[in-house]
Structures are given as structure tokens and as C-alpha cells.
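Sequential numbering from 1 along the given sequence is applied to the chain's residues. Numbering of ligands and ligand atoms starts at 1, following listing order.
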Amino acid sequence: MLSDSTKDRKPDPLMGRGMLVVVSSPSGGGKGTLIDRVLKTVPGVSYSISYTTRAPRGTEQNGREYFFVDRPAFEAMIEHGEFLEWADVYGHLYGTNAEQVERERAAGRDIILEIDVQGAASIRAKVPDSVSVFILPPSFELLRERLVARNTDSVADLERRMNGAPSEVEQYQFFDYVVLNDDINRASQQLAAVIYAERARRERQESVLRETLEDFGVVSEPGAVATGSETHRGSE
Ligand code: 5GP
């Protein structure tokens, strides 16, 4: 999932601490393809490689799509507090490595977490400045077609995922943004636009803009709103 070109990209010097971007959708919602596009087109974004107890599918490789571990190893990681969040999704355990996320954010890179709706809820509670995006498949029928076309799940697994989809979609209301995945180009551009817009938020830029603001005689205080005349240096 993490393309080589993305891994080597340098962080933008204008960026402070990287953002945490949660992307969720029902299984088969096509978020993987969308995220791949964004990783290739938006500089300074990386991807969190989760740990999972499920077996690799198709061409999946350990350390690329996931770190595949057995249940005792996963449970030991829980015990050692190595996960920022973890959840049981359709009978398998999935978790986000806290250190991986912290390393990327500290380096000024935004990091995308492709996680389920339970994980998204945990991140919202734990990381208030995170951004969450729900990817909505255009129809239930299309979701089914995608899952069938993937052809890597057992029939029971496929049914579990289909049955779980409505309650996952119901969670859309708790996300900051919703991207309708009806067209891959449009949807990936919209996801990229969310990242660009969130980067431009005043609160995210206060520390990096301080020097420039001070040059104008403006003292920026965290959370403060500059209000015009008193922020000007003398009369013009
Ligand atoms: P799949 O088995 O299809 O790769 O993933 C099943 C579900 O688990 C997807 O909704 C995926 O986003 C989610 N998932 C993947 N990694 C994580 C993780 O680290 N934490 C949580 N909570 N969900 C994850």
C-alpha cells in the first residue's frame, strides 16, 4: 500500500506536526484504491501499516498491506500498550501501531489510518485533532459486486461483511467528511482536497506561521483570533 515514492518524500518545511487522517468504509468500499491514489499524488502523506491476525489474501505481503501476526503475538502487543487503537473486525484482530504513527507525525508527515468504524471512534476520542473521512460506496449492490469480484474471501466471510455493512454505513454521521465513491477520479480528488484544506486550518499552522506573524508585529497565541486594528503595527 505504501508506495516507494511516498516513503522517501521529504516533509514540507511549512508543515508542523503531521495530521492523523482516519479513513473508514464498509469492507469492499474501495477505500484502498482511493488511498493509493492520494499517496501517489499528495506530497507528505504516509500510510499506517496495521497489524492483523487474519491470513494474507491474494498478493498481500507481510509489511506492505499489513504486518501479519498470530493471536498470541497480537495479544502481547496489546499488553505492552503498543497499539494506538485496536478492534475485532469480523472475527480477526486489527491494530494501529502507536510508534509508527508518532514517528510520522513527529517528522511532519500526515498519516492515513485505514481502519474500521470502531477504530475510528477510538481515535476520535483519543486524538481530538484527528480528521475523519467516511468513504461511502454508491450502493449496497455495488459493494456486493466488489466483494464478490475480489474473490479472496470465503462465502461465510463475504456474508459476514455484507451483513455488517448497514451498521457500518450508519456510522457515517460521526465523521468529519463523507466521500461518495461513485467515481474513482472524483472521489480521490475529493479525499486529496480534504487533506489540503485541513492543512490550511489556522490552528494547524500557528506554530509554523509564528515567525511571519511576528514580522508583522502580530503576536499569535494558541487558539487566539486576530481581530484587526490592534494587531497592526502603527498607522499606514
Ligand atoms: P480487511 O480484512 O478487508 O483488510 O479489513 C477489514 C476491516 O478492518 C476494514 O474495514 C479495515 O479498514 C479494518 N482495519 C484494517 N486495519 C485496521 C486497524 O488497524 N484497526 C482497525 N480498527 N481496523 C482496521
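- For E85, a nitrogen or oxygen atom sits less than 3.5 Å from a nitrogen or oxygen atom of ligand 1, counting backbone and side chain alike.
- Between R105 and E102 there is no salt bridge, since no side-chain N of the basic residue sits under 4.0 Å from a carboxylate O of the acidic one.
- Atoms of ligand 1 found under 4.0 Å from any heavy atom of S27, numbered from 1 in the order shown, are 3 (O).
- Here E168 has no heavy atoms under 4.0 Å from ligand 1, in either its backbone or its side chain.
- Of the charged side-chain nitrogens involved, at least one lies within less than 4.0 Å of a carboxylate oxygen, so that R202 and E206 count as a salt-bridged pair.
- Close contacts of ligand 1 with G119, meaning ligand atoms under 4.0 Å from a residue heavy atom, involve 22 (N).
- Using a cut-off of 4.0 Å between Lys/Arg side-chain N and Asp/Glu carboxylate O, E60 and R54 are scored as salt-bridged.
- Checked by atom type, the side-chain pair E99/N97 shows no donor-acceptor distance below 3.5 Å.
- Within the structure, ligand 1 lacks Q118 among the residues with a heavy atom less than 4.0 angstrom away.
- Residue Y94 holds the heavy atom nearest to atom 2 (O) of ligand 1 of all those in Y51, Y94, Y90, Y66.
- In terms of protein heavy-atom proximity, atom 13 (C) of ligand 1 is closest to D116 N, 3.7 Å.
- Under a 4.0 Å criterion applied to the non-hydrogen atoms of G95, ligand 1 contributes the atoms 18 (C), 19 (O).
- Taking the six-membered ring where the residue is Trp, the centroids of Y94 and Y66 are separated by under 6.0 Å.
- A donor and an acceptor atom, one from each side chain of Y177 and Q190, are nowhere located under 3.5 Å apart.
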Query raised in the report: Does the salt bridge (charged side-chain N to carboxylate O under 4.0 Å, His left out) test come out yes or no for K126 and E85, once each step is laid out?
Result: CA-CA 9 Å; K126 257 191 176 168; E85 65 73 40; over 6 Å; no
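- Within the structure, the closest approach of R57 to ligand 1 falls below 4.0 Å when heavy atoms are considered.
- Heavy-atom proximity to A87, at under 4.0 Å, picks out these atoms of ligand 1: 22 (N).
- Remark: aromatic rings of Y51 and F68 are distant, center separation not under 6.0 Å.
- For the pair R124 and F175, the distance from NZ or CZ to the six-membered ring centre is under 6.0 Å and the angle to the ring normal is within 45 degrees.
- Of all protein heavy atoms, the one lying nearest to atom 3 (O) of ligand 1 is R161 NH1, 2.8 Å.
- Contact annotation for R54 and ligand 1: only side-chain heavy atoms (C-beta onward) come within less than 4.0 Å of the ligand.
- Ligand 1 has at least one atom lying under 4.0 Å from a heavy atom of K31.
- At a heavy-atom cutoff of 4.0 Å, ligand 1 is contacted by the side chain of V89 but not by its backbone.
- Looking at atom 19 (O) of ligand 1, its nearest protein heavy atom turns out to be S50 OG, 2.6 Å.
- A salt bridge does not link D129 with R17: every distance from a Lys NZ or Arg NE/NH1/NH2 to an Asp or Glu carboxylate oxygen is 4.0 Å or more.
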